J.: 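First, the structure itself, so that you have it in front of you.
Predicted model, so just to flag it, every value in this text is computed and none were measured.
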Amino acid sequence: MTDDATLLAAARADAAWVVDLRRRLHRRPEVGLQLPQTQAIVLEALAGLPVEVTTGTSTSSVVAVLRGARPGPTYLLRGDMDALPLQEDTGLDFASEIPGAMHACGHDTHVAMLLGAARLLAERRDELAGQVVFMVQPGEEGHHGARYMLDEGLLDAVPEAPVSGAFAIHISTSFPTGTINVRPGPLMAAADHFRITLQGAGGHASTPHVTADPVPVAAEIVLALQAMVTRRVDVFDPAVVTVGHIAAGTTNNIIPATAFLEGTIRTLSAERRADVVARVQRVAEKVAEAHELTAVFERVEGYPVTVNDSVVAGQVEARAAALLGTEASVPMPDPLMGAEDFSYVLERVPGAMAFLGACPPDLVPGESPGNHSNLVVFDEAALPAGTALYARMALDALAG
């Protein structure tokens, strides 16, 4: 079995290839489920490797299977490849060439590290008792790309040995470069989108008593939702409810007939998720009823809670310490309230996701521009650590 020092040295030796691939992807970002240019770059990078490649029918997904020298289980490594609808303003010499699109969440680095790991593992096929499935997915940014891939049979890519474990990395400037940050249990939140449409009766602004004004009712609902969270939600099973958009009216002297609110619900358990969704609906409808208006509530279901298997999370922590040094393996005390569609995979098989720190050396982790900022810059010095950890997790899982 390749030892940790040798594996990390190999990842560092291949860093120029990984960085070049990352920069090619960064220049040509695509958004959503259909990413033809990105898919073409991925397929080109896989072309020289001894892998069996299939592409998605409903999306631009790519699945590559590397078979080891001996039979055994199947282990999945995930990298997402879609960008965000954002105008880049980093000034990098490899900045996005596509107006209004940017790899602001680091998915370009995820793909580059994943395919770098594929190269390392291909050179070590004799050490593998089983198969590695490389999952390269579009549509992570709110488009449920992982769910499409699961529906198309991702976990049965090797029919005789369905996927039995999984691992993914997410890059972040919130942590020091080269650190691996992981925790057992909930890692990221479920995210649901809600919409509330208030129906009242409009009229002249000087005679509100003959109307059913939805504007103060909308304001009251916003405040009532905040009170609901602080007074009805257990702090040890928390929730975040944010109203991010309110729209009503056209001018100063007209009371509108309708008002619209929308926002997000973030929770860390299935039970709390169902409870808070029901409570948001109840608050909206009952506050509206108290003012003789009606409220139409709509929930758009988002990603489930991303839950790390406790055993696998412990393995990630131990492996990161052995591979990168004890100071680089950092237990996370708390989950993050962002959401991830790798959660769909972790609902089906035991596995884990870890955060790879990539804060530029001249900036402070957590204070530098973060994921989803059009100013975010990821420190490419972190990429060999991620590449090596991807490979190590598969080597360990398939050691035979």
J.: Only one of Leu66, Leu121, Val63 forms a side-chain contact (heavy atoms from CB on, under 4.5 Å) with Val51, so which one is it?
T.: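 One option only clears the test, and that one is Leu66.
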
J.: For a 4.5 angstrom cut-off between non-hydrogen side-chain atoms, does Val31 reach Leu84?
T.: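 SC-SC contact between Val31 and Leu84 ruled out.
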
J.: Verify, without hydrogens or angle tests, whether Arg266 (side chain) and Met337 (backbone) share a donor-acceptor contact under 3.5 angstrom.
T.: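 Present.
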
J.: Can you tell me if Ser329 uses its side chain to pair, donor with acceptor, with the backbone of Thr326 under 3.5 Å?
T.: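 It does not hold such a pair.
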
J.: Are more than 12 heavy atoms from other residues, nucleotides or ligands located less than 6.0 Å from atom CZ of Arg23?
T.: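 It does: Arg23 CZ has more than 12 such atoms within range.
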
J.: Can you see whether Thr179 engages Asn181 through a side-chain donor-acceptor pair at a distance of less than 3.5 angstrom?
T.: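 Checked: Thr179/Asn181 side chains pair up, N/O donor to acceptor below 3.5 Å.
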
J.: Are the side chain of Gln39 and the backbone of Ser60 linked by a donor-acceptor contact shorter than 3.5 Å?
T.: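 A pair under 3.5 Å: yes.
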
J.: So does Cys359 get a backbone contact from the side chain of Thr177, meaning a donor-acceptor N/O pair under 3.5 Å?
T.: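 Yes, Thr177 side chain to Cys359 backbone: donor-acceptor pair under 3.5 Å.
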
J.: So, Arg147 and Asp341, do they make that salt bridge, N to O below 4.0 Å?
T.: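 A salt bridge is absent here (no side-chain N lies under 4.0 Å from a carboxylate O).
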
J.: Please find the pair of heavy atoms, one from Pro36 and one from Glu30, that lie closest to each other, and give the distance.
T.: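 The answer is CD-OE2, 3.2 Å.
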
J.: Tell me whether Tyr344 contacts the main-chain N or O of Met149 through its side chain, where contact means a donor paired with an acceptor under 3.5 Å.
T.: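 Looks like no, no N/O pair under 3.5 Å.
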
J.: Which is it for Arg272 and Asp234 under the side-chain contact (heavy atoms from CB on, under 4.5 Å) test, yes or no, and what are the steps along the way?
T.: CA-CA 9 Å; Arg272 179 62 64 216; Asp234 185 344; 3.4 Å; yes

J.: Does any non-hydrogen side-chain atom of Ser61 lie less than 4.5 Å from one of Pro138?
T.: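 Counting from C-beta outward, Pro138 and Ser61 do come under 4.5 Å.
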
J.: Quick one: which of Leu346, Val345, Asn308, Leu77 gives a side-chain contact (heavy atoms from CB on, under 4.5 Å) with Phe167?
T.: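 In the set Leu346, Val345, Asn308, Leu77, the residue that makes a side-chain contact (heavy atoms from CB on, under 4.5 Å) with Phe167 is Leu77.
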
J.: So, for Gly139 and Tyr303, which heavy atoms are closest and what is the spacing to 0.1 Å?
T.: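 Taking every non-hydrogen atom into account, O-OH, 3.6 Å.
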
J.: Between Thr387 and Met113, what is the shortest heavy-atom contact and its length?
T.: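 Scanning both residues completely, I find the closest heavy atoms to be OG1-CA, 3.5 Å.
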
J.: Using modelled atom types and a 3.5 Å cut-off, is there a donor and acceptor pairing between side-chain atoms of Thr306 and backbone atoms of Leu187?
T.: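 Flag not set: sc Thr306 to bb Leu187 has no pair under 3.5 Å.
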
J.: Could you go step by step and tell me if Arg392 and Asp396 meet the salt bridge (Lys or Arg N to Asp or Glu O under 4.0 Å) rule?
T.: CA-CA 6 Å; Arg392 173 52 68 198; Asp396 284 358; 3.5 Å; yes

J.: Tell me yes or no: between the side chains of Tyr148 and His143, is some donor less than 3.5 Å from an acceptor?
T.: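 There is no such pair between these side chains.
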
J.: Met102 versus Gln87: any side-chain heavy-atom pair under 4.5 Å?
T.: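 Of all side-chain heavy-atom pairs linking Gln87 with Met102, none is under 4.5 Å.
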
J.: If I compare all heavy atoms of Gly178 with all of Ala382, which pair ends up nearest, and what's the gap?
T.: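 In terms of heavy atoms, the two residues are closest at N-CB, 3.9 Å.
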
J.: Measure the acute angle between the ring planes of Phe297 and Phe194, then classify it against the limits of 30° and 60° as parallel, tilted or perpendicular.
T.: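 Aromatic pair Phe297/Phe194 classed parallel.
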
J.: Would you name the heavy atoms of Gly72 and Ala161 that are closest together and state the gap between them?
T.: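 Heavy atoms only, the tightest pair is O-CB, 3.7 Å.
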
J.: Under 3.5 Å, is there a donor-acceptor pair between the side chain of Asp3 and the main chain of Thr6?
T.: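 Looks like yes, one N/O pair under 3.5 Å.
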
J.: Please tell me whether Thr197 and Arg195 have a donor and an acceptor in their side chains that are separated by less than 3.5 angstrom.
T.: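 Distance-only check fails for Thr197 and Arg195.
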
J.: Just wondering, do Thr109 and Leu356 contact through their side chains at under 4.5 Å, heavy atoms?
T.: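 When only atoms from C-beta onward are counted, Thr109 and Leu356 do not touch, as no gap falls below 4.5 Å.
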
J.: Does any non-hydrogen side-chain atom of Phe260 lie less than 4.5 Å from one of His245?
T.: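 The answer is yes, as the side chains (C-beta and beyond) meet within the 4.5 Å cut-off.
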
J.: Please tell me whether Val307 and Ile169 are part of a single hydrophobic cluster in this structure, the criterion being side-chain heavy atoms less than 4.5 Å apart.
T.: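 Hydrophobic grouping puts Val307 apart from Ile169.
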
J.: Judged by atom type as modelled, is there a donor-acceptor pair below 3.5 Å linking the side chain of Glu127 to the main-chain atoms of Thr2?
T.: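 Pair found, side chain donor or acceptor close to backbone of Thr2.
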
J.: Looking at every non-hydrogen atom in both residues, tell me the closest pair between Pro335 and Leu268 and how far apart they are.
T.: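 Pro335 and Leu268 have their closest heavy atoms at CG-CD1, 3.5 Å.
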
J.: Within the structure provided, determine whether Thr173 and Leu363 are in side-chain contact (heavy-atom separation under 4.5 Å).
T.: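 Side chain of Thr173 against side chain of Leu363, heavy atoms only: no contact under 4.5 Å found.
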
J.: Kindly indicate whether the side chain of Val277, heavy atoms from C-beta on, has any atom under 4.5 Å from the side chain of Thr267.
T.: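 Of all side-chain heavy-atom pairs linking Thr267 with Val277, none is under 4.5 Å.
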
J.: How about Arg125: does its CZ atom have over 12 heavy atoms from other parts shown lying under 6.0 Å from it?
T.: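 More than 12 heavy atoms, drawn from other residues, nucleotides or ligands, come within 6.0 Å of this atom.
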
J.: Checking His291 side chain against Leu293 main chain: does a donor-acceptor pair fall under 3.5 Å?
T.: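 No, the answer is negative, given that no donor and acceptor are paired below the 3.5 Å cut-off.
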
J.: Side chains of Val240 and Val229: does their closest heavy-atom pair fall under 4.5 Å?
T.: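 Contact flag for Val240/Val229 side chains = no.
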
J.: Please state whether the rings of His107 and His170 are parallel, tilted or perpendicular, taking 30° and 60° as the class boundaries.
T.: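 The arrangement is perpendicular - the two ring planes meet at more than 60°.
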
J.: Measure the acute angle between the ring planes of His26 and Phe94, then classify it against the limits of 30° and 60° as parallel, tilted or perpendicular.
T.: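 Taking Phe94 first and then His26, their aromatic rings stand perpendicular (interplane angle over 60°).
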
J.: Using a 3.5 Å distance criterion without hydrogens, assess whether the side chain of Thr242 forms a donor-acceptor pair with backbone atoms of Gly244.
T.: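 Side chain of Thr242 to backbone of Gly244, a donor-acceptor pair under 3.5 Å: no, none is there.
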
J.: Using side-chain contact (heavy atoms from CB on, under 4.5 Å), reason through Leu33 and His144 one step at a time and then give a plain yes or no.
T.: CA-CA 9 Å; Leu33 293 167; His144 302 267; over 6 Å; no

J.: Given side-chain contact (heavy atoms from CB on, under 4.5 Å), test Glu97 with Arg28 step by step and report yes or no.
T.: CA-CA 6 Å; Glu97 298 169 357; Arg28 307 297 297 177; 3.3 Å; yes

J.: If you apply the rule salt bridge (Lys or Arg N to Asp or Glu O under 4.0 Å), what do you find for Arg78 with Glu340, and how did you get there?
T.: CA-CA 12 Å; Arg78 195 288 301 257; Glu340 238 293 345; 2.9 Å; yes

J.: Begin from the C-alpha positions of Arg183 and Asp334 and carry the test salt bridge (Lys or Arg N to Asp or Glu O under 4.0 Å) through to its verdict.
T.: CA-CA 8 Å; Arg183 72 186 310 275; Asp334 302 304; 5.5 Å; no

J.: With side-chain contact (heavy atoms from CB on, under 4.5 Å) as the criterion, how do Phe355 and Val330 come out once you've worked through the C-alpha distance, each side chain's angles and the decisive distance to 0.1 Å?
T.: CA-CA 10 Å; Phe355 287 100; Val330 184; over 6 Å; no

